[in-house]
Protein chains: 2
Amino acid sequence: MAQMTTSVEYGIHCLLWLVVADDTPLSSRDLAELQGISPSFLAKIFPKLEKAGIVHATGGVRGGYRLARAPEKISFLEIVDAIEGRKPLFDCQEIRGRCAVFGGKPPAWATGGVCSIHAVMLRAEKSMRDTLAAETLAGVAKSVGRKAPAAFPHDIRAWLEARVSKRGAARKRAAPS
Amino acid sequence: MAQMTTSVEYGIHCLLWLVVADDTPLSSRDLAELQGISPSFLAKIFPKLEKAGIVHATGGVRGGYRLARAPEKISFLEIVDAIEGRKPLFDCQEIRGRCAVFGGKPPAWATGGVCSIHAVMLRAEKSMRDTLAAETLAGVAKSVGRKAPAAFPHDIRAWLEARVSKRGAARKRAAPS
DNA sequence: TAAACGCGGAGTACTATAGTCCGCGTTATG
DNA sequence: CATAACGCGGACTATAGTACTCCGCGTTTA
């Protein structure tokens, strides 16, 4: 029927991690390796979320991304629009006005208002968008959280910390020339 | 967001003409020229509608397509699925199981059931499909019919007949060698 | 019997998606 | 204070899907 891009999938998964991280900045590289997805591709997605005001970026060494708002106030619809850019479901080509019996000059009754087919598609799109608008990051994060054992958030924090330590170790290995 | 293809747009417009034609077969070429769209492209769409049992084809000189069922029993959803082939809105890549802390062997709690993000997308898709399923060819044809003047169906039949006559004329011109 | 039909395969042009690689300016830290 | 870790943006590539076209086959009917 249509396509929610991989970018949207990646983006939402990452935002869910940012909910867990609870205001500690996470870099796009960390987020990518934590989830086994492409770091360079993920790096193209986050600026869009930032421009949409969903996420806040901080530069520099310990920088990264944090949610710009409470997860209760971030809907799936917003995220999808931020990443994919509000492409309409249906691109009406106004075929009704091209009817050969009009001979190039369609009468007003044929071209007035919204095309009936287009109208149906607009309703279908609205249904989808309404469903997406009703779903929030906080809601989904909660349902994910219910499935995970209590120790899981701790494991995540440990993994993230371990990465920072490893970076320190690499530095020590390279530095004492 | 997603894409309803041009094929769907063309297909529905044609089916609406078949409602007007009321069981007189219309060829894909006639349908194409009546609406100012590509005949060769339209010819690729109709076999799909035929395989889906929406339309019935008759071969030979005065052949063409007729609706296989009453327009009240043909939903937009059926048409879209027939032409585009039931592609899902969202293609879940099961990222939840790739989390680095699982080390390649995700636990059952992480992979069981439907991914929460996927579940949201499935609900959104269902909303859209439900809207499309509620809309029938007859319903839309009626709303189109209300806009057109009473003489319009007659004009259409005249145009269609004129095409057949022209073909006869071309034949007469070529035949008496 | 030839022109008008439907059907299917092959091929083309264009656009979007998914992804990579690079260099820039910024910032914390050893 | 240099460097490595950050975000950001531009340029690039490969693949796939969309929107077509063209051709030839078998059928039908005037």
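Letters A, B, ... mirror the listed sequences (proteins, then strands); counts begin at 1. Worth saying up front: this structure is predicted, and the values here are computed from it rather than measured.
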**Message:** Go through it in stages, so that I can follow the logic: the residues are B:T5 and B:Y10, the test is side chain to side chain contact (heavy atoms under 4.5 Å, CB included), and I'd like the CA-CA distance, side-chain angles, deciding distance and then a yes or no.
**Reply:** CA-CA 9 Å; B:T5 57; B:Y10 290 174; over 6 Å; no

**Message:** Rounding to an integer number of Å, can you tell me how far B:Y65 OH sits from C:dC5 C1'?
**Reply:** 9 Å

**Message:** I want to verify a distance call: between D:dG9, D:dA19, C:dC5, whose nearest atom is closest to the A:P47 side chain?
**Reply:** D:dG9

**Message:** On the nucleotide D:dG7, are OP1 or OP2 found under 4.0 Å from the side-chain N or O atoms that A:S28 carries?
**Reply:** yes

**Request:** Fit a plane to each ring of A:F152 and B:W109, take the angle between them on a 0 to 90° scale, and name the class: parallel (under 30°), tilted (30 to 60°) or perpendicular (over 60°).
**Result:** perpendicular

I'd like a list of close polar pairs between nucleotides 21-23 of chain C and the protein, N/O only, cut-off under 3.5 Å.
none

**Asked** What integer distance in Å separates A:R62:CZ from C:dT29:C1'?
**Response** 9 Å

**Message:** Given 3.5 Å as the limit, does a donor-acceptor pair link the side chain of B:K44 with the main chain of B:S7, or not?
**Reply:** no

**Asked** Does B:E161 come within less than 4.0 Å of B:R163, counting only side-chain N to carboxylate O?
**Response** no

**Request:** Note the angle between the end axes of the helix from C:dT1-D:dA30 to C:dG30-D:dC1, five pairs defining each, rounded to 10 degrees.
**Result:** 10°

**Item:** Spacing of CG belonging to A:D30 relative to OG1 belonging to A:T24, to within rounding of 0.5 Å
**Value:** 11.5 Å

**Prompt:** Within this structure, what is the CD1-to-C1' distance between B:I45 and D:dT21, rounded to whole angstrom?
**Reply:** 14 Å

**Message:** Measuring only between side-chain heavy atoms, which start at C-beta, is B:R98 closer than 4.5 Å to A:I37?
**Reply:** yes

**Complete:** Taking C:dC7, D:dC20, C:dA18 as options, the one with an atom nearest any side-chain atom of B:Y10 is D:dC20

**Prompt:** How many angstroms lie between atom NZ of B:K126 and atom OG1 of B:T131, to the nearest 0.5 angstrom?
**Reply:** 9.5 Å

**Item:** Between P of C:dA16 and CE of B:M4, the distance in whole Å
**Value:** 19 Å

**Asked** Would A:E78 and A:R69 pass as an ion pair if we require N to O under 4.0 Å?
**Response** yes

**Item:** Of the listed nucleotides D:dA19, D:dC8, C:dT20, the one nearest the side chain of A:F41
**Value:** C:dT20

**Message:** Rounded to whole Å, please give me the gap between CG in A:L26 and C1' in D:dC6.
**Reply:** 13 Å

**Message:** Distance check needed: C:dA16 C1' versus B:D91 CG, whole Å only.
**Reply:** 16 Å

**Prompt:** Mapping B:Q93 and B:E50 onto DNA chain C by nearest heavy atom, which one lands closer to the 5' end?
**Reply:** B:E50

**Message:** Check this for me, if you would: do A:E84 and A:K48 make a salt bridge, where the nitrogen-to-carboxylate-oxygen distance has to be below 4.0 angstrom?
**Reply:** no

**Request:** Return the nearest nucleotide to the side chain of A:K51; candidates are D:dG9, D:dC20, C:dT29.
**Result:** D:dG9

**Request:** Output the single nucleotide from C:dA3, D:dC8, C:dC7 whose closest atom is nearest the side chain of B:V61.
**Result:** C:dA3

**Item:** Protein-nucleotide distance (B:L42, atom CG; C:dC7, atom P), rounded to Å
**Value:** 12 Å

**Item:** First of A:P39 and A:G60 reached from the 5' end of DNA chain C, by closest nucleotide
**Value:** A:P39

**Asked** When the distance from NE2 of B:H56 to P of D:dT28 is rounded to whole Å, what number comes out?
**Response** 12 Å

**Request:** Just jot down the ring pair (Phe, Tyr, Trp, His ring centres under 6.0 Å) partners of A:F76, sequence neighbours excluded, or say none.
**Result:** none

